[in-house]
Undergrad: 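Pasting in a structure now, in structure tokens, and then I'll have a few things to ask.
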2 protein chains.
Amino acid sequence: MDRRQRKTREAIFGAFTRLLGKRAYHQITVQDIIDEADIGRATFYAHFETKDYLLKELCDELFGHIIDTAMEIAHGQHHHSCGKATDSVFLHLLRHLQENDLNILYLLSSENNEIFLQYFKTSLKKLIHSQFAVQGKLKSSELPEDYLVNHISSSFVETVSWWIRRGMKESPEELAHYFESVMTTVIK
Amino acid sequence: MDRRQRKTREAIFGAFTRLLGKRAYHQITVQDIIDEADIGRATFYAHFETKDYLLKELCDELFGHIIDTAMEIAHGQHHHSCGKATDSVFLHLLRHLQENDLNILYLLSSENNEIFLQYFKTSLKKLIHSQFAVQGKLKSSELPEDYLVNHISSSFVETVSWWIRRGMKESPEELAHYFESVMTTVIK
DNA sequence: TATGTTAGTGAACACTTTGTACGGTAATAT
DNA sequence: ATATTACCGTACAAAGTGTTCACTAACATA
């Protein structure tokens, strides 16, 4: 990839993330991004078709790593030193969110960001499906699996959202405990 | 209130609701509403400052009744014939949603409607706080009450949202059972 | 029924945002 | 060294926003 392309792409992502930290997604215009990134109008549209696609690609970049490593942990293929083998997938996700990806927290904390939340939930559903549903770790056999997977993933997103809204006072360990406490009916 | 005012107000609400049934909130412009309601531009702004305020007032109207009667039931002051006294507040809400307020379902089913969802959650939090938290019906004393109330209300909204997305195949009774099943850890 | 008040009309307004197009310039790859 | 490609600046039409204004019609009330 051309160095110029990489640079403007980074400039756009950077400007976008900075703006997301300031105000909600829907309050940000393409014009704002152009001004903040200090690029030409045509250049933006050469990279991204719309603002929504920009967010989608940013999500791809930010989530790609997190979900991939979470998948590895979920399947027991994670033999590194970052966390005990007994740590739950959720604790891993929380640590990852706190330590490495403050960008994501900006996105999450900005209100009205349903595209991002939808992306988060969809990623989690895949993870939870393979981790719990497929492996038979769900308790309730009488409820639809789809309902349970949806419940778990949206509850986790909501937990993270609550955490951020309140200033992230709790440690990842505490928060994982909260979440797993309210999930004991659902997960074995 | 002037008959003319009432009529245009109704025309605007009607047009807005109809449009919400067709496409998402953010895809609807003030221009669309004006055209659909067949009123003058200035008239719209005489009634509502912005599109967001219009949604807020619509929510006020739609939710006012539902939450009020749910509050009555929650406090055992509901002696009518509409449902057994033993029915849970959640079952009451689901019945209400299914039977009387298809407008709300339009709103909920249209994607990207976080203003509405936020309104729904906030209303529920108040209800759940007075119904469960104040009355000591929450199981877990070690977790923050605020976290639990948030968890219950957002899980309920998510359950309803799931229900609608999948075409409302389940009866209110079934859905209430689903919800209460995954909530047994949390609610006594 | 006559009268003052109020709400709606339609047109116009300045303004912002959007998405596209263009020739010119500078960085890049080979 | 040269051809390619990305970016720039500017301009453009189209659409939406929020406000103003004079005119008209509906309203409440006496």
Side-chain angles (χ1 to χ4, degrees), chain A residues 1-61 106-107 110-116, chain B residues 1-61 106-107 110-116:
Chain A
M1 198 178 193
D2 199 309
R3 185 195 295 148
R4 289 170 295 177
Q5 274 183 301
R6 261 187 289 118
K7 278 195 176 178
T8 41
R9 199 181 157 86
E10 278 311 304
I12 292 173
F13 277 145
F16 189 43
T17 312
R18 243 172 290 137
L19 290 169
L20 279 171
K22 288 179 193 162
R23 54 181 179 277
Y25 175 73
H26 286 106
Q27 308 304 322
I28 299 169
T29 64
V30 175
Q31 192 63 51
D32 292 333
I33 301 168
I34 289 167
D35 293 343
E36 177 77 24
D38 195 29
I39 54 162
R41 178 156 205 75
T43 309
F44 177 88
Y45 287 104
H47 281 262
F48 304 99
E49 207 172 328
T50 64
K51 208 180 61 170
D52 283 4
Y53 279 117
L54 167 60
L55 178 56
K56 203 206 156 291
E57 292 206 26
L58 184 58
C59 286
D60 282 342
E61 233 172 63
Y106 275 140
L107 287 169
S110 77
E111 290 174 19
N112 303 346
N113 206 336
E114 70 300 318
I115 293 178
F116 173 74
Chain B
M1 198 179 193
D2 199 310
R3 185 193 297 147
R4 289 170 296 178
Q5 274 183 300
R6 260 186 290 117
K7 278 194 177 180
T8 42
R9 200 181 157 84
E10 278 311 304
I12 292 172
F13 276 145
F16 189 43
T17 312
R18 242 171 292 138
L19 290 168
L20 279 170
K22 287 179 196 164
R23 52 181 180 275
Y25 176 73
H26 285 105
Q27 307 304 321
I28 298 169
T29 65
V30 175
Q31 193 62 51
D32 291 334
I33 301 168
I34 288 166
D35 292 342
E36 177 76 24
D38 195 28
I39 56 161
R41 179 158 203 76
T43 309
F44 177 88
Y45 286 104
H47 281 262
F48 304 98
E49 208 172 329
T50 63
K51 207 179 62 168
D52 284 4
Y53 279 116
L54 167 59
L55 179 56
K56 203 206 156 291
E57 292 206 26
L58 183 59
C59 286
D60 282 342
E61 233 171 64
Y106 275 142
L107 287 169
S110 78
E111 290 174 18
N112 304 345
N113 205 336
E114 70 300 318
I115 293 179
F116 172 75

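Because only heavy atoms are used, hydrogens play no part in the values below, and waters and symmetry mates are left out as well, while side chains stay in.
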Undergrad: Among residues 47-55 of chain A, which contact DNA chain D at a heavy-atom distance under 4.0 Å?
TA: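 DNA chain D contact set from residues 47-55 of chain A: A:His47.
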Undergrad: For B:Arg9 and D:dA26, what is the distance between atoms CZ and P respectively, to the nearest whole Å?
TA: 22 Å
Undergrad: Find out whether the Lys NZ or Arg CZ of B:Lys51 is both under 6.0 angstrom from the six-membered ring centre of B:Phe16 and within 45° of the ring's axis.
TA: no
Undergrad: If you take the centroid of each ring, where Trp contributes its six-membered ring, are B:Phe116 and B:Tyr106 closer together than 6.0 Å?
TA: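 So the answer is no for these two rings.
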Undergrad: Give B:Thr43 one of three labels, base, sugar-phosphate or nothing, depending on what nucleic acid heavy atoms sit under 4.0 Å from its own.
TA: base
Undergrad: List the residues meeting side-chain hydrogen bond (donor to acceptor under 3.5 Å, both in side chains) with A:Thr17, not counting sequence neighbours, and say none if there are none.
TA: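 For A:Thr17, no residue satisfies side-chain hydrogen bond (donor to acceptor under 3.5 Å, both in side chains) once neighbours in sequence are set aside.
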Undergrad: Can you check the A:Ile28 CD1 to C:dT16 P distance for me, whole Å?
TA: 19 Å
Undergrad: Under the side-chain hydrogen bond (donor to acceptor under 3.5 Å, both in side chains) test, which residues partner A:Lys56, sequence neighbours left out?
TA: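 side-chain hydrogen bond (donor to acceptor under 3.5 Å, both in side chains) list for A:Lys56, sorted by chain: A:Asp60.
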Undergrad: Output the rounded distance in Å from CD1 (A:Ile33) to C1' (C:dG19).
TA: 14 Å
Undergrad: Give B:Ala46 one of three labels, base, sugar-phosphate or nothing, depending on what nucleic acid heavy atoms sit under 4.0 Å from its own.
TA: nothing
Undergrad: Is there a donor-acceptor pair under 3.5 Å between the side chain of A:Tyr53 and the backbone N or O of A:His47?
TA: no
Undergrad: For A:Gln31 and D:dA11, what is the distance between atoms CD and C1' respectively, to the nearest whole Å?
TA: 14 Å
Undergrad: Over its full length, what angle do the end axes of the helix from C:dT1-D:dA30 to C:dT30-D:dA1 make, each axis taken from five pairs and the result rounded to 10 degrees?
TA: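 About 40°, once rounded to a multiple of 10°.
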Undergrad: When you measure from the side chain of B:Thr43 to the backbone N and O of B:Ile39, does any donor-acceptor pair fall under 3.5 Å?
TA: no
Undergrad: What is the distance, to the nearest angstrom, from the CZ atom on A:Phe44 to the P atom on C:dA21?
TA: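 The distance from CZ of A:Phe44 to P of C:dA21 comes to 17 Å, rounded to the nearest Å.
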Undergrad: Is the phosphate of C:dG19, meaning OP1 or OP2, less than 4.0 Å from a side-chain N or O of A:Tyr45?
TA: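 Checking C:dG19 against A:Tyr45, a side-chain N or O does come within under 4.0 Å of OP1 or OP2.
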Undergrad: Roughly how far, to the nearest 0.5 Å, is CG of B:Leu107 from SG of B:Cys59?
TA: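 Here the rounded value is 6.5 Å.
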Undergrad: Rounded to the nearest angstrom, tell me the gap between atom CZ in A:Arg41 and atom C1' in C:dC22.
TA: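 A:Arg41 atom CZ is separated from C:dC22 atom C1' by 15 Å.
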Undergrad: Are any of B:Gln5's side-chain N or O atoms less than 4.0 Å away from OP1 or OP2 of C:dA7?
TA: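 Yes.
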Undergrad: Could you check how far CD1 of A:Ile39 sits from P of D:dG9, rounded to whole Å?
TA: 11 Å
Undergrad: Under the side-chain hydrogen bond (donor to acceptor under 3.5 Å, both in side chains) rule, collect the residues that match up with B:Asp32, sequence neighbours excluded.
TA: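 Expected list: B:Arg23, B:Thr29.
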Undergrad: Within the structure provided, determine whether B:Lys22 and B:Glu36 are in side-chain contact (heavy-atom separation under 4.5 Å).
TA: yes
Undergrad: Quick check: A:Phe13 with A:Phe48 (ring centres under 6.0 Å apart)?
TA: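 That pair passes the under 6.0 Å test.
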Undergrad: Under the side chain to side chain contact (heavy atoms under 4.5 Å, CB included) criterion, do A:Leu54 and A:Phe44 qualify, and how do the steps go?
TA: CA-CA 10 Å; A:Leu54 167 60; A:Phe44 177 88; 4.0 Å; yes
Undergrad: With the criterion being N/O to N/O and under 3.5 Å, what pairs connect the protein with nucleotides 27-30 of chain C, and how long is each?
TA:
unit_1	atom_1	unit_2	atom_2	d
C:dA27	N3	A:Arg4	NH1	3.3
C:dT28	OP1	A:Arg3	NH1	2.7
C:dT28	OP2	A:Arg3	NH1	3.1

